[in-house]
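Below you'll find the structure, written out as structure tokens, and then a few comments.
From a predicted model like this one, the values you see are computed outputs, not experimental measurements.
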There are 2 protein chains.
Amino acid sequence: MEATAQIMRDQGYAAATSRRVAALAGVKPALVYYYFATMDDLFLAVLRAGAKASLARMRQAITDDDPLRALWVMNSDLRFTGLYTEFMALANHRKAIGTELKAYAERVRDLETAAVTVALRAHGVDLDEYPPVAVSMVVSQMARSLSNETTLGVTEGHGEFRKFVERHFDRFGSASSAERTQRA
Amino acid sequence: MEATAQIMRDQGYAAATSRRVAALAGVKPALVYYYFATMDDLFLAVLRAGAKASLARMRQAITDDDPLRALWVMNSDLRFTGLYTEFMALANHRKAIGTELKAYAERVRDLETAAVTVALRAHGVDLDEYPPVAVSMVVSQMARSLSNETTLGVTEGHGEFRKFVERHFDRFGSASSAERTQRA
DNA sequence: GTCTATAGACGGATAGAC
DNA sequence: GTCTATCCGTCTATAGAC
């Protein structure tokens, strides 16, 4: 499963064949089918393991003293976003993958929203003006978008965007006294 | 090329083989290689054609009386975002695709930023507080993210997010939805 | 331009030895 | 559990007829 994830990240899901996975894992192709009936089952196992680890980290982030930044950092991990992009593409034509990825995305959204709600409320942000679900969507999705662009080699505007995000983190998350004034 | 794009959208890039493309186009596989030396060349041609059409629409959007909403609408087109996601995944392990996609993404960013700069400045928005490049990134990337999620079947928070975006469109000086209704 | 036919590589998956 | 060996399908790409 480790080998599968690595190949998917480095060369795309189409390159994750039973032969290549086995070679990287140091075993023979037939052994892959001893543990996983089909390649789809292997992909699903990789997805579930990644989702489980990711959700665990996210539950930790909820209790973080700066959940917004924790969310940003988590979704800026190139290893994570690379895999996620591959699974998104895979989900396009593998029904089972799509179903699993959808379930995962919805659980993530719930957790993210909960974390952001706590953070915003704790700092007196108007939850009608800044709905937690919308804020969490911006933070996690933009972090992923920037990561995807970085992988592609596009970094134009990234510096300015990070500064832009930082300003809002200050306002919404770890509000310093200076930023409280700005909010008013 | 039309058949290739359709298959990529519906079944993923890995399904766009010379056989299937030819079948959908109503010709024989060998003919594909008469027009395109390799499958990579075909993918590149599809990418270039799509990029050209997309850039043309974007230049139009600059002169639109509501560039921000035009940007949002353009990047909410499921046909466009589906293809874009596939090319992102393809770029992971096809160097030529990656180079082309990067060049395209950078030209898009320049155009978007120009359009947003004009729009914000025209309505007296503070460009230091809301850097045009950051605003354009949020608008286009979030539109794509929502489209990708919709394709996956995830719509949680989408309604709230759209309202959130509408409020900011209004605040940034674009005609409010009420005004647009009046005009219509 | 469009076709038939095919070479040659690689893929998923299975049978059966050890 | 892990292997060797193999079946059979699909893929890219090419040769050459029409």
Side-chain angles (χ1 to χ4, degrees), chain A residues 1-51 82-83 85-101, chain B residues 1-51 82-83 85-101:
Chain A
M1 284 167 56
E2 191 55 50
T4 306
Q6 185 178 326
I7 292 176
M8 287 180 73
R9 264 193 302 264
D10 296 346
Q11 301 164 281
Y13 71 81
T17 67
S18 54
R19 285 167 164 81
R20 281 194 259 240
V21 167
L24 186 58
V27 296
K28 298 297 170 182
L31 196 58
V32 173
Y33 293 99
Y34 176 78
Y35 287 102
F36 305 96
T38 68
M39 286 304 288
D40 267 26
D41 289 330
L42 171 55
F43 288 135
L44 267 181
V46 172
L47 173 55
R48 289 205 180 103
L83 251 193
T85 300
E86 290 301 322
F87 275 116
M88 281 282 291
L90 245 184
N92 263 357
H93 61 296
R94 308 278 188 121
K95 200 180 156 195
I97 305 283
T99 303
E100 190 74 20
L101 197 59
Chain B
M1 283 166 56
E2 190 56 50
T4 306
Q6 184 178 327
I7 292 175
M8 285 180 73
R9 264 193 301 263
D10 296 345
Q11 301 164 278
Y13 71 80
T17 66
S18 54
R19 290 172 206 275
R20 281 194 261 241
V21 167
L24 186 58
V27 295
K28 297 297 170 183
L31 196 59
V32 173
Y33 293 99
Y34 176 78
Y35 288 101
F36 304 96
T38 69
M39 287 303 288
D40 268 26
D41 289 330
L42 171 55
F43 288 135
L44 267 181
V46 172
L47 174 55
R48 290 205 179 102
L83 251 192
T85 301
E86 291 300 322
F87 276 115
M88 281 284 290
L90 245 184
N92 263 356
H93 61 297
R94 308 279 187 121
K95 199 181 156 195
I97 303 282
T99 304
E100 190 74 19
L101 196 60

**Request:** Starting from the first five and the last five pairs of the helix from C:dG1-D:dC18 to C:dC18-D:dG1, work out the angle between the resulting helix axes, to 10 degrees.
**Result:** 0°
**Item:** Comparing A:Ala30 and A:Thr17 on DNA chain C - which has the more 5′ nearest nucleotide
**Value:** A:Thr17
d([atom1], [X]; [atom2], [N]) in whole Å:
X: A:Leu42; N: C:dG11; atom1: CG; atom2: P; result: 14 Å
X: A:Met39; N: C:dG12; atom1: CE; atom2: P; result: 5 Å
X: B:Arg19; N: C:dA9; atom1: CZ; atom2: C1'; result: 12 Å

Tell me, do [X] and [Y] make a side-chain contact under 4.5 Å, heavy atoms counted?
X: B:Leu44; Y: B:Phe36; answer: no
X: B:Tyr34; Y: B:Leu31; answer: yes
X: B:Phe87; Y: B:Glu100; answer: no
X: B:Val32; Y: B:Met39; answer: yes

**Request:** Please list, chain by chain and in numerical order, all residues satisfying salt bridge (Lys or Arg N to Asp or Glu O under 4.0 Å) with B:Arg20, sequence neighbours excluded.
**Result:** none
**Message:** Below the 4.0 Å mark, does C:dG11 have OP1 or OP2 next to a side-chain nitrogen or oxygen of A:Arg20?
**Reply:** yes
**Request:** Taking all non-hydrogen atoms of both residues into account, name the closest pair between B:Arg9 and A:Asn92 and its distance.
**Result:** O-ND2, 4.1 Å
**Request:** To the nearest 0.5 Å, tell me how far B:Gln11 CD sits from B:Thr17 OG1.
**Result:** 9.5 Å
**Item:** Nucleotide interval of DNA chain D bounded by contacts with chain A (heavy-atom cut-off, under 4.0 Å)
**Value:** D:dG1 to D:dT4
**Asked** Looking at A:His93 versus A:Tyr13, is the centre-to-centre ring distance below 6.0 Å?
**Response** yes
